[in-house]
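Each ligand, and each atom within it, is numbered from 1 in the order the structure gives.
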Amino acid sequence: MAKDEAYKRLIQDKRWRKMRRQKLSETPLCERCTKEGRVRAATEVHHVVPIESAISEAEKTRLAYDFNNLQSLCRECHTKTHTEMGSRNRDFLKKRKAQQLVDFEDKFLK
Ligand SMILES: [Zn+2]
């Protein structure tokens, strides 16, 4: 996960620490484990839509403090989720590049 300066600032904020605590007390079990039939305590709070996917500062702040954008996860699921997100992004970029090439060929070479 790319942690830029704005992200670091948000995560160190008192407001975030409070929200994180609130999320973990409302949803103390790992949401992914629960979905997959395991019962495990959550220790981390994940942003479903990554903060760094936002372009503007305002959007980053909105994503960071949107309670509906949070997910309680155990460390293992958090790592797994980020690994999957990373490879999804890579696939997406690869597909987009391939599509651009097709568009280019359609436009200029046919
Ligand atoms: Zn889990």
Side-chain angles (χ1 to χ4, degrees):
M1 180 168 47
K3 287 184 167 62
D4 61 22
E5 285 308 310
Y7 179 85
K8 271 189 227 157
R9 229 185 1 256
L10 286 169
I11 288 312
Q12 284 160 5
D13 202 285
K14 241 194 287 190
R15 186 176 164 201
W16 164 249
R17 290 208 294 267
K18 210 175 132 197
M19 257 189 94
R20 189 180 178 283
R21 247 199 329 268
Q22 192 190 342
K23 175 67 184 167
L24 285 174
S25 70
E26 278 182 22
T27 318
L29 293 179
C30 169
E31 294 183 45
R32 183 166 168 168
C33 280
T34 304
K35 224 190 294 178
E36 294 171 3
R38 293 181 300 267
V39 177
R40 200 181 282 167
T43 54
E44 309 194 356
V45 175
H46 169 63
H47 285 95
V48 178
V49 178
I51 299 171
E52 57 269 31
S53 73
I55 295 159
S56 67
E57 274 311 282
E59 205 188 340
K60 279 192 174 117
T61 307
R62 192 184 58 74
L63 284 174
Y65 298 125
D66 179 0
F67 211 77
N68 296 318
N69 191 33
L70 304 181
Q71 199 178 28
S72 294
L73 292 177
C74 67
R75 175 167 281 276
E76 203 185 311
C77 287
H78 201 189
T79 306
K80 230 190 293 178
T81 300
H82 275 282
T83 308
E84 287 166 5
M85 274 167 43
S87 56
R88 247 206 316 275
N89 283 345
R90 276 193 298 278
D91 284 352
F92 174 73
L93 287 175
K94 228 188 288 170
K95 268 187 214 130
R96 205 165 58 175
K97 269 197 190 131
Q99 187 57 44
Q100 275 168 352
L101 193 63
V102 171
D103 289 347
F104 178 84
E105 285 172 353
D106 282 350
K107 219 170 178 175
F108 298 107
L109 305 174
K110 282 183 183 164

Inset, instruction - Using a cut-off of 2.8 Å, count how many protein N, O or S atoms are strictly closer to the Zn ion (ligand 1). - result: 4

Legend entry - Gap between atom CZ of R75 and atom SG of C30 - 0.5 Å precision: 12.5 Å

Inset, instruction - Kindly write out the residues that satisfy salt bridge (Lys or Arg N to Asp or Glu O under 4.0 Å) with R17, not counting sequence neighbours, or none if the list is empty. - result: none

Legend entry - side-chain contact (heavy atoms from CB on, under 4.5 Å) evaluation trace for R32 with H46: CA-CA 11 Å; R32 183 166 168 168; H46 169 63; over 6 Å; no

Legend entry - Sequence neighbours excluded - ring-ring contact (aromatic ring centres under 6.0 Å, His included) pairs with any residue from residues 50-76: none

Legend entry - Side-chain heavy atoms of V45 within contact of Q71, under 4.5 Å: no

Legend entry - Sequence neighbours excluded, every pair satisfying salt bridge (charged side-chain N to carboxylate O under 4.0 Å, His left out) that has a member inside residues 58-69: D4-K60

